[in-house]
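Only one structure is covered here, and it is reproduced in the block below.
Just so you know, these numbers use all the heavy atoms, side chains as well, and skip hydrogens, waters and symmetry mates. One-based numbering along the sequence shown.
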Amino acid sequence: MITKLLRGLKLEMGLISKWAYLLFVVIAVVMGLIVGYMAWSEGGWNAVATVNGWVLLVLVVLGIIIGLTTITAKEVMPFLIATIALAVAAGANVWEPLCAIHDLLYFWATGILNYIVAFAAPAAVIIAIKEILTIAKEK
């Protein structure tokens, strides 16, 4: 009976964690659109530095929660690879050509990508540390 209960809780937690992760990504996208628009209308990211900082802080905290609670052992490698790809894309400023079409597109794209990275990076760091500790215990 206890085993059944634990399996049920594990399945329920898995479902909750997947929905939480999806919700956090949606929050990052929506805030990227909102703050990106604010940055565009105010003349740049420096004009919305306080709002940007608060959004980044919230997303970092949510990323820490995800890193501590939701990524399973079989999801580690795909998650870390995806986070590396996101971080590289954010660092490479791949959205600059969007300015040729309309500046707002650039602000939206960079806002969304930066917020998703701000959410995923802390989770990736925690997961990477967990993996290193696991490898160290095995040796």
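Judged as a side chain to side chain donor-acceptor pair (under 3.5 Å), and not counting sequence neighbours, Glu131 has no contacts.
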Let me check something: any side-chain donor-acceptor pairs from residues 114-123 under 3.5 Å, sequence neighbours excluded? List them with distances.
| unit_1 | atom_1 | unit_2 | atom_2 | d |
| --- | --- | --- | --- | --- |
| Asn114 | ND2 | Thr110 | O | 3.1 |
| Tyr115 | OH | Asn52 | OD1 | 2.6 |

Without placing hydrogens or testing angles, list every side-chain donor-acceptor pair under 3.5 Å for residues 83-107, not counting sequence neighbours.
| unit_1 | atom_1 | unit_2 | atom_2 | d |
| --- | --- | --- | --- | --- |
| Thr83 | OG1 | Phe79 | O | 2.8 |
| Asn93 | OD1 | Tyr106 | OH | 3.4 |
| Asn93 | ND2 | Glu96 | OE1 | 3.2 |
| His102 | ND1 | Leu104 | N | 3.0 |

Show which side-chain atoms of residues 35-44 pair as donor or acceptor with protein atoms under 3.5 Å away, not counting sequence neighbours.
| unit_1 | atom_1 | unit_2 | atom_2 | d |
| --- | --- | --- | --- | --- |
| Ser41 | OG | Tyr37 | O | 3.2 |
| Ser41 | OG | Met38 | O | 3.1 |

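By the criterion of side-chain heavy atoms lying less than 4.5 angstrom apart, applied directly or through intervening Ile, Leu, Val, Met, Phe, Trp or Tyr residues, Leu23 is grouped together with Leu62 in one hydrophobic cluster. At a threshold of 4.5 Å between side-chain heavy atoms, the hydrophobic network of Ile, Leu, Val, Met, Phe, Trp and Tyr places Val29 and Val58 in one connected group. A continuous path of hydrophobic side-chain contacts links Leu59 to Val26 [ILVMFWY only; heavy atoms under 4.5 Å].
Annotation for Met77: hydrophobic cluster partners, listed by chain and number, are Ile81 (ILVMFWY side-chain heavy atoms under 4.5 Å, direct or chained). Residue Leu68 belongs to a hydrophobic cluster whose other members are Val60, Ile64, Ile126, with links defined by side-chain heavy atoms closer than 4.5 Å.
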